[in-house]
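Atom set for the values below is all heavy atoms of this structure, side chains included, hydrogens, waters and symmetry mates excluded.
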Amino acid sequence: MDAVIEVEQLRMRYGDAEVLHGVDLRLGRGEVLALLGPNGAGKTTTLEILEGFRRRTGGEVRVLGIDPAGGDEAWRARLGIVLQSWRDHGRWRAGELLDNLGRFYTRYRGRILGSDELLALVGLAEQAGQRLDTLSGGQRRRLDVAIGLIGRPELLFLDEPTTGFDPQARQEFHELVHRLADLDGTSILLTTHDLAEAEKLADRIVILTGGRVVAEGSPAELARGVQRRSEITYSRDGEFFVHSAEGADATAYVRELFAQYGDAIADLEVRRATLEDAYLRMVQS
């Protein structure tokens, strides 16, 4: 895939504190990449550098072929950004705000997404004439997403995008992300603390801890890295048991259970390592 983001040996220092230690990162066209890590890992700093909001201490960075430190307005118009919070005047009405922001993008992007189309896309069609200070937290977050999509971006940054979403809104947002990546070819870099969300959305995951990349791969690849052990739970004659087995030994153990006890075995469950198991092992090591 064509590289939309290329990062080599990215470093960032605040005074005497170095928060990024030689981070390498790559995002292909139409790919969804999730950047995971505990608080203080360097995720937000990395995003701010890629978005052109913060100048790095060292390393090479190219975003859409441009060094973000020197990106101009035409370059910025190719990006969509959904921040964790977005401050504006509460007296704006949702449709008016999108129309006003859209005027910037029309100078560089040609056809943009209109306010009616955007609000329908994020489930806010009925709130077009509503003032921002009357929207609920979840509705305000959906509007944040609409703001990031106005210019039909080539690259979309999503920083904790579904905070405040109810389960239905979260599902609708996940479908939107898949549509943007699969049908429109939008490249997406997101941060989230929701591992289930990362597993649903991301083609690849990069785990950042202490300013360093400690793991990278698809959700399945990362989980397989700790799948050597399986946890087998079952009951026999009303008594519950838990057994740990290595790799293929889990299958052999289950076969032996049924050979020895037959129908007396119930409530059998074999649990293999998940992305959450892999993540916790990596950030805690």
Side-chain angles (χ1 to χ4, degrees), residues 1-5 25-36 47 50-51 63-64 76-84 86 94-95 97-99 101-102 104-106 108-128 135-206 217-220 275:
M1 291 179 290
D2 295 337
V4 175
I5 293 177
L25 197 65
R26 187 182 188 279
L27 175 65
R29 192 167 302 279
E31 186 179 24
V32 180
L33 177 67
L35 188 61
L36 304 184
L47 256 62
L50 297 177
E51 294 162 348
V63 176
L64 296 173
R76 292 184 184 280
R78 301 166 66 191
L79 308 179
I81 299 175
V82 179
L83 303 173
Q84 288 192 33
W86 205 89
L97 174 64
L98 294 175
D99 287 336
L101 294 173
F104 163 76
Y105 290 96
T106 54
Y108 303 102
R109 301 292 291 162
R111 180 179 180 272
I112 65 170
L113 292 174
S115 60
D116 290 343
E117 186 178 3
L118 277 167
L119 291 171
L121 198 61
V122 298
L124 291 177
E126 297 181 359
Q127 284 75 35
L135 296 177
S136 70
Q139 290 172 337
R140 188 62 189 82
R141 194 58 181 149
R142 293 192 200 192
L143 186 62
D144 291 341
V145 174
I147 290 169
L149 296 176
I150 292 175
R152 301 174 64 89
E154 298 173 50
L155 171 60
L156 180 61
F157 292 98
L158 300 173
D159 196 2
E160 300 287 344
T162 57
T163 301
F165 278 28
D166 59 41
Q168 180 178 346
R170 184 175 289 107
Q171 178 61 39
E172 291 171 352
F173 176 76
H174 292 171
E175 293 171 359
L176 173 60
V177 168
H178 285 303
R179 195 180 95 181
L180 290 169
D182 297 340
L183 300 182
D184 296 344
T186 307
S187 304
I188 299 172
L189 177 59
L190 69 94
T191 69
T192 179
H193 284 98
D194 186 337
L195 296 178
E197 180 168 80
E199 195 162 11
K200 286 181 181 178
L201 295 181
D203 300 305
R204 282 190 304 118
I205 290 173
V206 170
S218 70
L275 176 61

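- In this structure, L143 and V122 have side chains that are not in contact, with every pair of non-hydrogen atoms separated by 4.5 Å or more.
- Between the CG atom in D2 and the CZ atom in R29 there is a gap of 5.5 Å [rounded to 0.5 Å].
- Residues L33 and I5 have side chains not in contact (no heavy-atom distance under 4.5 Å, counting atoms from C-beta outward).
- Taking all atoms of both residues into account, the shortest heavy-atom contact from G102 to I150 is CA-CG2, 3.7 Å.
- For the pair S115 and G95, the tightest heavy-atom approach, listed with the atom from each and the gap, is CB-O, 3.8 Å.
- Taking 4.5 Å as the limit, some side-chain heavy atom of R141 sits within range of a side-chain heavy atom of V82.
- Under a 3.5 Å cut-off, the side chain of D159 and the backbone N or O of T191 do not form any donor-acceptor pair.
- The closest side-chain heavy-atom distance from E31 to S187 is not below 4.5 Å.
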Check your understanding: Under the side chain to side chain contact (heavy atoms under 4.5 Å, CB included) criterion, do L97 and I147 qualify, and how do the steps go?
Key -> CA-CA 9 Å; L97 174 64; I147 290 169; 4.0 Å; yes
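- Q139 places none of its side-chain heavy atoms less than 4.5 Å from the side chain of E126.
- The shortest distance between side-chain heavy atoms of L35 and F157 does not fall below 4.5 Å.
- With rounding to the nearest 0.5 angstrom, the CZ atom of R142 is 11.5 Å from the CG atom of L121.
- Between L201 and H174 there is a side-chain heavy-atom pair separated by less than 4.5 Å.
- Between V177 and E197 there is no side-chain heavy-atom pair separated by less than 4.5 Å.
- Shortest non-hydrogen contact noted between A94 and L119 is CB-CD2, 4.3 Å.
- In summary, of the residues considered (L50, I81, L27), a side-chain contact (heavy atoms from CB on, under 4.5 Å) with L155 occurs for L27 alone.
- Here the NZ atom belonging to K200 is positioned 12.5 Å from the CZ atom belonging to F173, to the nearest 0.5 angstrom.
- Taking each heavy atom of A181 and V32 in turn, the nearest pair found is CB-CG2, 3.6 Å.
- Residues A198 and P219 come closest through the heavy atom pair O-CG, 4.5 Å.
- Across every non-hydrogen atom of L83 and E51, the tightest pair is CD2-OE1, 4.4 Å.
- With rounding to the nearest 0.5 Å, the separation of CD1 in I205 from CG in L36 is 5.0 Å.
- Take R152 and apply the salt bridge (charged side-chain N to carboxylate O under 4.0 Å, His left out) test, not counting sequence neighbours, and it matches no residue.
- Environment of CD in Q168: sparse, with no more than 12 heavy atoms of neighbouring residues, nucleotides or ligands closer than 6.0 Å.
- Note: L79 CG to L64 CG = 6.0 Å, rounded to the nearest 0.5 Å.
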